[in-house]
Each structure stands twice: as C-alpha cells, then as structure tokens.
Amino acid sequence: MRKDITIEAEPRDSRGKNEARRLRVKGSSPAVIYGSGGDAIPIAISPKEITRILNSNTGHNTIFNVKVNGGETTPVMIVDWQNDPIKDTLLHIDLKRIDLSKRIRVKVPVLTTGEPKGVKLQGGLHEVITREIEIECLPDEIPEHFTMDVTELMMGQGIRASQVALSGSMQLLSNPESVISHIVALKAEEEPAAAAVEGATPAASAEPK
C-alpha cells in the first residue's frame, strides 16, 4: 500500500563495521537502495522512521518515498532488515525501488471474522491454517489485508485461498487450494487406562490343593 510518507536520507561513502557504528552513534542506520534498473546506493537513514513503518498496519508492504540528500527521490519498499538480537535496534535495511507502473509480488495477511456455526452449534474448533496469501498487483493496489467471514462454516467445512475476493489488478499466486481455516472436531478425551486393557484375558485362578 502506498503511503504519503517521505523519509530523508544521507549518502554514505564508506562501509564496514566502524562506519556502521559511527552512524548508530549519530542516530542513523546503514541502508542500501537498489533495483528497478538503477545503481545500488548506500545511505544512512533514521531507524525510528523505518521501525514506525514496519510496525504500521501495512508493515513491510508499505510503499513510501526516500529522499537522498543531493540525489534521487524514489518510492521504495522494505525488503529486508537486520535487528540487534540484544538491543532490538535496526542494524541494516534493504530498500527496493518500486516502479509504480509495474506489477509486484507481495504477501498479504488474511484475517477471519465472525463466530462459525460449527463452533457455536456443533462444538467444533475453528483452526486457522494460513495467515497470508501471495498475490501480484500494481503497487498502488496492495491491500492492507483481506478479511474472510467464517460465520456460516459448519463442521468439516473450510475456506480456501481461491475464495479470497480479489479486485483490480490483483492475481492470486498462492495455491488456490490452500486452506485458510476450517472447522474440525475437538479431539476426544483419552479413555481411562482400564479401558485400554478391555478384552484382556483375566488371570487364571489357582487350582485347589
């Protein structure tokens, strides 16, 4: 999904751990812009702004602008990032240029809504199998998410990827038969241990002397 967001960045000439450390001291993170036929450009960018985008409703599917000081302003998406496992800070970000006139592949979350009748009336369990599907579409038409109503599902029924309503330039790339969610029976409680030996031959009684 395209957002009206522009983040300013600075070009960087050197690379390596020392340079990355100096950038983080200044409150920036190393990043690179690449793709769409252009040269790869190493930059320094605000980790706070990138984290805010990653934590938004559209997450890494967000298309926003990066304005490089003295250079280009281009729409990009976050395609990869590295976090410090201890401090949970961004160590590096990969940004891909987006040609708004060309279709791209993205994975979009699928949410379910409603209380299935198979749960409410039949005592079944609503089990979610797939939480996202992959589609191809124009950048401006990337949805925030898809929502599927599961209210009418009965025991043994489910919804598949092919049932997700697509619009505009969207085309399904995931397997159409992939199960999004279904209603299954609750597992029966294990029988008492005594029942497990049902039918066993009883011990023979001792012969009288």
Side-chain angles (χ1 to χ4, degrees), residues 1-3 5 35 50-64 75-83 85 88 93-94 96 98-203:
M1 179 177 288
R2 191 179 183 189
K3 296 290 185 70
I5 299 173
I50 298 299
T51 299
R52 186 175 293 116
I53 289 173
L54 287 173
N55 291 336
S56 69
N57 290 336
T58 47
H60 60 83
N61 282 343
T62 306
I63 298 175
F64 59 99
V76 299
M77 285 180 67
I78 304 168
V79 293
D80 195 16
W81 62 96
Q82 298 174 5
N83 280 83
D88 197 30
I93 307 105
D94 287 354
K96 184 178 180 180
I98 299 299
D99 184 339
L100 299 176
S101 66
K102 294 183 178 180
R103 300 161 65 92
I104 59 174
R105 301 166 66 117
V106 291
K107 291 183 178 180
V108 180
V110 180
L111 310 179
T112 60
T113 183
E115 182 180 7
K117 291 182 179 179
V119 173
K120 187 176 181 180
L121 303 178
Q122 297 176 306
L125 174 68
H126 180 218
E127 192 173 52
V128 177
I129 305 299
T130 304
R131 298 186 181 276
E132 62 181 14
I133 60 172
E134 186 174 21
I135 65 170
E136 183 180 78
C137 65
L138 291 171
D140 283 335
E141 296 183 1
I142 300 173
E144 182 176 314
H145 60 260
F146 295 108
T147 301
M148 301 295 292
D149 187 353
V150 297
T151 304
E152 298 300 320
L153 291 184
M154 302 297 285
M155 190 79 74
Q157 296 181 336
I159 51 176
R160 300 181 182 276
S162 59
Q163 295 173 259
V164 177
L166 305 181
S167 61
S169 64
M170 299 177 196
Q171 179 181 351
L172 181 66
L173 297 181
S174 294
N175 184 343
E177 295 302 310
S178 296
V179 176
I180 303 298
S181 70
H182 58 185
I183 310 300
V184 296
L186 290 171
K187 293 182 179 179
E189 295 183 359
E190 293 184 1
E191 295 294 331
V197 295
E198 182 179 356
T201 303

Next on the checklist: One pair to check against side chain to side chain contact (heavy atoms under 4.5 Å, CB included): Ile63 and Ile142. What are the steps and the verdict?
Outcome noted: CA-CA 9 Å; Ile63 298 175; Ile142 300 173; 4.0 Å; yes
Residue pair [X] / [Y]: nearest heavy atoms and the distance that separates them:
X: Val179; Y: Ile129; answer: O-CB, 3.4 Å
X: Leu138; Y: Leu100; answer: CD2-O, 4.4 Å
X: Ser56; Y: Thr62; answer: OG-OG1, 3.7 Å
X: Glu144; Y: Pro109; answer: O-CD, 3.7 Å
X: Ser181; Y: Val150; answer: OG-CG1, 3.9 Å

Separation between [atom1] of [X] and [atom2] of [Y], rounded to the nearest 0.5 Å:
X: Leu125; Y: His182; atom1: CG; atom2: NE2; value: 8.0 Å
X: Leu121; Y: Met155; atom1: CG; atom2: CE; value: 10.0 Å
X: Asn57; Y: Met1; atom1: CG; atom2: CE; value: 9.0 Å
X: Cys137; Y: Ile104; atom1: SG; atom2: CD1; value: 6.5 Å
X: Phe146; Y: Glu132; atom1: CZ; atom2: CD; value: 11.5 Å
X: Ile159; Y: Thr130; atom1: CD1; atom2: OG1; value: 9.5 Å

Next on the checklist: Quick one, Glu136 with Arg103, criterion salt bridge (Lys or Arg N to Asp or Glu O under 4.0 Å). Give me CA distance, side-chain angles, the key distance, then yes/no.
Outcome noted: CA-CA 6 Å; Glu136 183 180 78; Arg103 300 161 65 92; 3.1 Å; yes
Going by heavy atoms in the side chains, are [X] and [Y] under 4.5 Å from each other?
X: Met148; Y: Gln163; value: yes
X: Ile93; Y: Asp80; value: no
X: Glu141; Y: Ser167; value: no
X: Ile180; Y: Ile133; value: yes
X: Leu54; Y: Ile78; value: yes
X: Ile53; Y: Phe64; value: yes

Item to check | Donor-acceptor under 3.5 Å (Asn83 side chain, Pro85 main chain) | outcome: no
Next on the checklist: Please evaluate residues Val164 and Leu172 with respect to the criterion side chain to side chain contact (heavy atoms under 4.5 Å, CB included), reporting the C-alpha separation (whole Å), side-chain torsions for both, the decisive distance (0.1 Å), and the verdict.
Outcome noted: CA-CA 9 Å; Val164 177; Leu172 181 66; over 6 Å; no
Item to check | salt bridge (charged side-chain N to carboxylate O under 4.0 Å, His left out) against Glu152, all qualifying residues, sequence neighbours excluded | outcome: Lys117
Checklist outcome for this item: Taken in chain and number order and not counting sequence neighbours, the residues that satisfy side-chain hydrogen bond (donor to acceptor under 3.5 Å, both in side chains) with Ser101 are Asp99
Next on the checklist: So, using side-chain hydrogen bond (donor to acceptor under 3.5 Å, both in side chains) as the criterion, who are the partners of Lys96 when residues are at least two apart?
Outcome noted: none
Checklist entry - Taking it one step at a time, do Met77 and Asn61 satisfy side chain to side chain contact (heavy atoms under 4.5 Å, CB included)? => result CA-CA 7 Å; Met77 285 180 67; Asn61 282 343; 3.9 Å; yes
Item to check | The single option from Glu127, Gln157, His126 passing side-chain contact (heavy atoms from CB on, under 4.5 Å) against Ile183 | outcome: His126
Checklist entry - Is Lys120 atom NZ crowded by more than 12 heavy atoms from other residues, nucleotides or ligands, each under 6.0 Å away? => result no
Checklist entry - In terms of side-chain heavy atoms, does Glu134 have a donor or acceptor partner in Ser174 at a distance below 3.5 Å? => result no
Next on the checklist: If you apply the rule side chain to side chain contact (heavy atoms under 4.5 Å, CB included), what do you find for Ile135 with Gln171, and how did you get there?
Outcome noted: CA-CA 5 Å; Ile135 65 170; Gln171 179 181 351; over 6 Å; no
